[in-house]
Amino acid sequence: MGIKKYYATKDNTITNAFRENLTTRGTGSNMGAADILEAFVIHGQTTASVSSTPSADNAINAEQSRIILQFPISNISSDMSSGILPSSSGSIKFYLNMYNAPHGNTVPLSYSLDVVMLSQSWSEGRGLDMNNYTDIGFSNWDSGSNSTRWQSKGPVAQPGGSYLSSPQYPTSSVFFETGLENIEHDVSELVYSWLNGTSNNGFMIKFPDASVSGSDTLYTKMFFARSSEFYNY
């Protein structure tokens, strides 16, 4: 059985984490040109109280980082039409491959990351600063582009990225036992949804809502980005 690789055409990390002053959040920051992608949830870094049981306040006060990335689904469709790939529906398996980036910070243990479909278009941006969040630009936590804020259904703002949820749309999750694993995850259902007409706005990789409303800090999972010097990763 042959394997064909398609590489991401854009990726970014979006965050609402606090800057060094622990007062101002970096919601307007862009990290589209960074060589790392990062997902985390942080509780209790400020004076805001943290409930030991899941709560809406925990979710509001939490600091989060999410990963967004997009692949050229139109190229897959063209390759199926031209015979490079089998054209029969469901005959190909599609896997999302992302490679763990080693680092010196704490790595969470025994957790899951959700893989969902973004619901609106976005800009990659050219920001680099993943520490102090000083590179302001789009996309970011608040907006997908310089003209469009992330939105839920209708005109309501949805900071943190707009995404499609189940049961109407396919979603899945990846479990990490040690926190150091790569992702090699079957996303066939999501890709076929795009091939069958759902707008391809890419994936979002995020911690589940239950982790955000909980009290455990899950810091930090890093992957190599498409701009990494380590091309094979």
* **Modelled atom types, side-chain donor and acceptor of D142 and T27, under 3.5 Å** => yes
* **Under 3.5 Å donor-acceptor, S145 side chain and W122 backbone** => no
* **Ring-face cation of R25 near F18 (centre distance under 6.0 Å, axis angle within 45°)** => yes
* Asked: Rounded to the nearest 0.5 Å, what separation is found between the CE atom of M204 and the OG atom of S119?
  -> 8.5 Å
* Asked: Would K4 count as a cation-pi partner of Y6, with NZ or CZ less than 6.0 Å from the six-membered ring centre and within 45° of the ring normal?
  -> yes
* Asked: Any salt bridge between K93 and E189, counting N to O under 4.0 Å?
  -> no
* Above 12 or not: heavy atoms from other molecules or residues under 6.0 Å from OH of Y231? -> no
* Asked: Going by heavy atoms in the side chains, are F176 and L113 under 4.5 Å from each other?
  -> yes
* **Expected output: side-chain T23 to main-chain N21 donor-acceptor under 3.5 Å** => yes
* **N/O donor-acceptor pair under 3.5 Å between N30 side chain and E124 backbone** => yes
* Asked: So, S123 side chain and G125 main chain: donor-acceptor pair closer than 3.5 Å or not?
  -> no
* How far does CH2 of W141 sit from OG1 of T15, to the nearest 0.5 angstrom? -> 6.5 Å
* Interatomic spacing from CG in D216 to OG in S211 - rounded to 0.5 Å -> 8.0 Å
* Asked: Roughly how far, to the nearest 0.5 Å, is CG of L195 from CD1 of I76?
  -> 6.0 Å
* Mind checking whether F207 and S65 have side chains closer than 4.5 Å, heavy atoms only? -> no
* Asked: Between the main-chain N or O of G137 and the side-chain N or O of N140, is there a donor-acceptor pair closer than 3.5 Å?
  -> yes
* To do: Would you kindly say whether S172 and H185 are connected by a side-chain donor-acceptor distance under 3.5 Å?
  => yes
* Asked: Hey, what's the ring geometry for F71 with F203, parallel, tilted or perpendicular (30° and 60° as the breaks)?
  -> perpendicular
* **Under 3.5 Å donor-acceptor, H43 side chain and V50 backbone** => no
* Is there a donor-acceptor pair closer than 3.5 Å between any side-chain N or O of S213 and the backbone N or O of D209? -> yes
* Structure fact -> For I36 and A101 the tightest heavy-atom approach is CD1-CB, 3.5 Å
* Interatomic spacing from CG in N182 to CE in M98 - rounded to 0.5 Å -> 10.0 Å
* L164, V191: one ILVMFWY side-chain cluster at the under-4.5 Å cut-off? -> yes
* Say whether Y7 and I67 are linked into one hydrophobic cluster, either directly or through other cluster members, by side-chain heavy-atom distances under 4.5 angstrom. => no
* To do: Mind jotting down which residue pairs meet the salt bridge (Lys or Arg N to Asp or Glu O under 4.0 Å) criterion with at least one end in residues 97-114? Sequence neighbours excluded, please.
  => D114-K206
* Asked: Does a side chain donor of either S162 or Q120 reach within less than 3.5 Å of an acceptor in the other side chain?
  -> yes
* Any idea which heavy atoms bring S52 and S215 closest together, and the distance? -> O-OG, 3.7 Å
* Crowding at OH, Y169 (>12 non-hydrogen neighbours, <6.0 Å) -> no
* Asked: Checking side-chain hydrogen bond (donor to acceptor under 3.5 Å, both in side chains) against E38, which of T13, N105, T220 comes through?
  -> T220
* Find out whether Y133 and D135 are in side-chain contact, i.e. whether some heavy atom of one side chain is under 4.5 Å from a heavy atom of the other. => no
* To do: Measure from the side-chain N and O atoms of D11 to the backbone N and O of R226, and report whether any donor-acceptor pair falls under 3.5 Å.
  => yes
* L37 CG to I68 CD1 distance, which is reported to the nearest 0.5 Å -> 9.5 Å
* Side-chain H-bond candidate by donor/acceptor type, D129 with T134, under 3.5 Å -> yes
* Asked: Ring centres of F223 and Y99 under 6.0 Å apart?
  -> no
* Side chain S227, main chain A34, donor-acceptor under 3.5 Å -> yes
* **Q70 and T9: side chain donor to acceptor below 3.5 Å** => no
* Asked: In terms of hydrophobic clusters joined by side-chain contacts under 4.5 Å, are I205 and V116 together?
  -> no
* Asked: Should we say atom OH of Y233 is surrounded by more than 12 heavy atoms from elsewhere, each under 6.0 Å from it?
  -> no
* Asked: With a 3.5 Å cut-off and no angle check, do the side chains of R149 and Q151 form a donor-acceptor pair?
  -> no
* Y219 and I42: which non-hydrogen atoms are nearest, and at how many Å? -> CD1-CD1, 3.6 Å
* Report yes or no: does T148 contribute a side-chain atom to a donor-acceptor pair with the main-chain N or O of G144 at less than 3.5 Å? => no
* To do: Assess the side chains of N100 and K221: does a donor N or O sit below 3.5 Å from an acceptor N or O?
  => yes
* Regarding N201 and S199, is there a side-chain donor-to-acceptor distance under 3.5 Å anywhere? -> no
* Asked: Mind checking what makes side-chain hydrogen bond (donor to acceptor under 3.5 Å, both in side chains) contact with D57, not counting sequence neighbours?
  -> none
* Check the side chains of N12 and S139 for a donor-acceptor pair under 3.5 angstrom, ignoring hydrogens and angles. => yes
* To do: Using a 4.5 Å cut-off on heavy atoms from C-beta on, say whether the side chain of R66 contacts that of Y163.
  => yes
